[in-house]
2 protein chains.
Amino acid sequence: MINPIGNLNKIFDSRIRLGVMSILMVNEEVSFNDLKQMLELTDGNLASHLSTLEENGYLKVHKGFVGRKTNTTYSITKAGEKAFKGHLAALENMIRSME
Amino acid sequence: MINPIGNLNKIFDSRIRLGVMSILMVNEEVSFNDLKQMLELTDGNLASHLSTLEENGYLKVHKGFVGRKTNTTYSITKAGEKAFKGHLAALENMIRSME
DNA sequence: TTAAAGTACTTTGTAAATCAAAGTTACATA
DNA sequence: TATGTAACTTTGATTTACAAAGTACTTTAA
């Protein structure tokens with residue numbers, strides 16, 4: 001039998017990174033503050049998970065303004081989309097063996 | 001918006017515990033060694049994850065024999081089944097928002 | 001009858017991950 | 001001038017994960 005967890009992506013073991021990705025799959029661009037509120041996180045915690053995702057090439061950052069306030073938004077990359085879909089497929093496979 | 005990761009079960013953040021549970025959802029009883037081989041783990045690592053699951057009431061242990069060799073098997077409890085299904089439902093909910 | 005091997009752990013020690021809180025930089029508004 | 005907001009980074013503590021070694025018991029092979 002093949003290891004049923006071997007295809008799961010380690011980056012997505014974290015519930016927070018999983019949450020960020022699932023939000024960015026739906027929404028083209030989401031701001032730092034929106035993510036923070038949706039996921040109920042402290043600044044530091046969110047920032048560190050975002051940088052993990054960014055370092056892995058799963059999302060990209062846009063620094064802009066809303067009026068005169070700084071506004072950082074995040075969006076998923078092609079690689080991120082692929083990785084996330086791959087992870088979901090692996091989860092599905094793992095669970096499909098249940099039938 | 002409601003926190004999309006709030007309903008995920010922390011016990012199942014671990015890929016290994018997720019793997020154990022998914023195996024035990026299919027198979028009525030699985031031995032320590034079979035789990036070890038299926039998940040490709042060291043004894044200690046598997047044992048510690050199993051005891052976490054046991055402490056949470058998600059699986060139960062049966063100590064028996066095969067021939068004259070000791071043989072420990074594990075099976076899922078009702079609570080474990082419920083928790084696992086709940087986790088999967090939470091994952092699905094989180095992802096369903098993608099459509 | 002020693003020796004080697006298997007089962008199912010527990011213990012030990014280290015490394016990695018997680019997180020809150022505080023500090024930081026930069027601009028904005030009162 | 002002082003307070004506020006955004007988006008971090010740094011710090012430090014706690015938790016988690018893991019491999020490796022050790023343990024207790026039994027079995028099988030030499």
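Protein chains get the first letters and strands the later ones, always in sequence-line order, with residue 1 at the start of each. Quick note: numbers below take in every heavy atom, side chains included, and nothing from hydrogens, waters or symmetry partners.
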Which nucleotide sits closest to the side chain of A/Y74: C/dT7, C/dA20, D/dC8?
D/dC8
Under 3.5 Å donor-acceptor, A/N3 side chain and B/L39 backbone
yes
Checking B/R17 side chain against B/F12 main chain: does a donor-acceptor pair fall under 3.5 Å?
no
At under 4.0 Å, does any side-chain N or O of A/T42 touch on OP1 or OP2 of C/dA20?
yes
With nearest nucleotides of DNA chain C determined for A/T70 and A/D13 from heavy-atom distances, which residue corresponds to the more 5′ nucleotide?
A/D13
State whether A/R17 places a side-chain N or O below 4.0 Å from either non-bridging phosphate oxygen (OP1 or OP2) of C/dT18.
yes
Whole-Å distance, A/L41 CG to D/dA7 P, equals 14 Å
For the pair made of CD1 in A/I11 and C1' in C/dA17, what is the distance, rounded to whole Å?
12 Å
Take B/R68 and A/F32, find for each the nucleotide of DNA chain D with the closest heavy atom, and name the residue whose nucleotide sits nearer the 5' end.
A/F32
I need the residues from residues 45-59 of chain B with at least one non-hydrogen atom less than 4.0 Å from DNA chain D; give them sorted by number, or say none.
B/N45, B/H49
Separation of D/dT11 P from A/D43 CG (nearest whole Å):
18 Å
Length of the CZ-C1' vector between B/F12 and D/dT16, whole Å:
17 Å
Tell me the interatomic distance from A/K36, atom NZ, to C/dA21, atom C1', rounded to whole angstroms.
13 Å
By nearest heavy atom, map B/S31 and A/G44 onto DNA chain C; which one lands nearer the 5' end?
B/S31
Is A/T72 near enough to D/dC8 that one of its side-chain N or O atoms lies under 4.0 angstrom from OP1 or OP2?
yes
Using distance alone, with no hydrogens and no angle criterion, decide if B/H62 and B/T72 have a side-chain donor and acceptor under 3.5 Å apart.
no
If I take atom CD from residue A/E29 and atom CG from residue A/L59, how far apart are they, to the nearest 0.5 angstrom?
12.0 Å
So what does B/S14 hit on the nucleic acid, given a heavy-atom distance under 4.0 Å: a base, only sugar-phosphate, or nothing?
sugar-phosphate
Touch class at under 4.0 angstrom, heavy-atom based, for A/I16 against every strand present:
sugar-phosphate
Nearest whole angstrom, please: distance from the P of D/dT28 to the NZ of B/K69.
7 Å
N/O (side chain, B/N33) to phosphate O (OP1/OP2, C/dG6) under 4.0 Å
no
What's A/R15 touching, base or sugar-phosphate or nothing? Going by heavy atoms closer than 4.0 Å.
nothing
Which pair of heavy atoms, one from A/M94 and one from B/S22, lies closest together, and at what distance?
CG-OG, 3.5 Å
What is the distance, rounded to the nearest whole Å, between atom NZ of A/K63 and atom C1' of D/dA6?
10 Å
Please name the pair of heavy atoms, one in B/G57 and one in B/A79, separated by the smallest distance, quoted to 0.1 Å.
O-CB, 3.7 Å
Would you indicate whether the side-chain heavy atoms of B/M25 and B/I76 approach each other to under 4.5 Å?
yes
B/N71 atom CG is separated from C/dA8 atom C1', nearest whole Å, by 10 Å
Examine A/Y58 together with A/Y74 and report whether their ring centres are nearer than 6.0 Å.
no
